[in-house]
Amino acid sequence: MLDNLYLGGRSLMKPIRMSRTQETHPDHFYFCDLERHNAEIAAFHLDRILDYRRNPPVVGRKFHISKDIKALGDTNLRKTVFKSPAGNLCYTGHCDYYCKTEFAVCGHPDETEGSMMAYLPSAGKYPTRTYKHPYRRSYSRLTLALWQLDVDYCEFQLRTLPHFRGHRRLLDIVDLSVFDYLTGNQDRHHVENFVRFGNKSSLIHLDQGRGFGRHSFHDISILAPLTQCCSIRKKTLFILLLLETGRFRLSDLMKESLQSDPLWPVLSEPHFAALDRRLNNIIEEVRRCLHGNGVHPVNITKVIIEDQFSAKLGNKLNNKYKYLLRRFLGDLGFGSGIDSFQTVGD
């Protein structure tokens with residue numbers, strides 16, 4: 001639902017459709033699951049903790065269907081408001097898939113909640129370019145995507161595409177896969193970036209509604225850009241290693257950050273533990289990339305890439321924390337040349 005705010009701003013509201021403790025059914029495909037408002041909120045906070053800063057601001061809000069929907073909504077929206085057999089006030093809205101009576105949003109009896117995401121700047125001033133995610137799933141019950149069938153997809157397919165011949169866009173896709181794996185989001189079909197800034201524009205992380213659906217399942221295929229391409233930003237790896245430590249453990253930082261949201265608790269407790277497990281799995285996949293096939297030595301500058309973002313981070317950090325990356329590589333047997341990372345431009 002689109003909301004017009006004061007001072008000309010706009011936001012996209014996603015209403016609550018299931019409780020925080022309800023997991024996605026194992027027999028449901030990723031493309032038929034209901035979207036979760038709390039996933040949008042939690043993903044925004046995770047984006048900040050990872051220092052991506054690519055997710056538009058999101059905040060949780062409580063509202064009343066009578067005062068905020070029926071009284072302030074447009075004519076078409078107001079017509080969808082009704083009272084359920086239980087006496088609760090509900091509405092369906094207008095959309096392509098889930099705006100039916102059986103998927104109605106109901107209050108208790110009138111109050112409900114949702115996430116509100118700030119709209120991107122005007123397309124007239126800052127147009128965006130949208131294109132298919134190179135690791136997009138098939139969205140079919142019967143077939144798999146090419147990358148799921150070809151283990152060499154990254155080397156002989158992705159790296160040959162114009163947008164992925166350099167490091168920048170490829171590393172952006174790997175960053176996004178790390179983000180999606182942590183949230184458990186399999187529904188990543190398109191990506192966007194601002195046209196105005198050309199190749200200097202990061203990807204925009206939009207639509208996290210199908211994340212945080214199952215804390216008990218960790219789909220490693222979401223990490224395919226990392227596991228197949230075996231490249232990751234030095235900055236990203238450093239932050240992941242930092243979040244593995246006791247002082248900056250990811251689950252603790254997420255709890256601390258989410259406490260500032262009006263809808264706290266945003267996630268159920270098992271999701272926080274799942275974040276730590278998935279973080280460990282990502283770091284283990286980087287270790288496998290650095291091990292290679294166990295026969296030929298691996299060039300660490302081909303796996304851990306230092307670009308302008310990594311360089312800026314390194315200038316801000318003191319040696320107290322830089323040791324994490326040294327220890328990580330040292331444990332894998334890379335005793336020399338640890339600081340000789342490849343620097344790439346945009």
Relative to Phe212, does Arg36 satisfy both conditions: NZ or CZ under 6.0 angstrom from the six-membered ring centre, and within 45 degrees of the ring's axis? no
Check whether any side-chain N or O of Arg188 sits under 3.5 Å from a backbone N or O of Asp180 as a donor-acceptor pair, and report yes or no. no
Shortest non-hydrogen contact between Gly184 and Arg278, atoms and distance: N-NH1, 3.8 Å
Shortest non-hydrogen separation from Val105 to Pro15 and the atoms involved: CG2-CG, 3.5 Å
Check for a donor-acceptor pair, side chain of Asp68 on one end and backbone N or O of His64 on the other, with a separation under 3.5 Å. yes
From the options Arg210, Lys14, Gln208, select the one residue that forms a side chain to side chain donor-acceptor pair (under 3.5 Å) with Glu35. Lys14
Do the side chain of Ser231 and the main chain of Lys302 share a donor and acceptor less than 3.5 angstrom apart? yes
Looking only at side chains, do Arg168 and Ser202 share a donor and an acceptor under 3.5 Å apart? yes
For Asp51, does its backbone N or O pair with a side-chain atom of Lys235 as donor and acceptor, under 3.5 Å? yes
Under 3.5 Å, is there a donor-acceptor pair linking the side chains of Tyr30 and Asn185? no
What pairs of residues pass the side chain to side chain donor-acceptor pair (under 3.5 Å) test when at least one of them lies in residues 141-151, not counting sequence neighbours? Ser140-Thr143
Mind telling me whether Tyr139 and Phe31 have parallel, tilted or perpendicular rings, with 30° and 60° as the class edges? tilted
Name the residue from Arg20, Lys255, His215 that meets the side chain to side chain donor-acceptor pair (under 3.5 Å) definition with Glu269. Lys255
Tell me every residue that passes disulfide bond (SG atoms under 2.5 Å apart) with Cys32, counting only those two or more places apart in sequence or in another chain. none
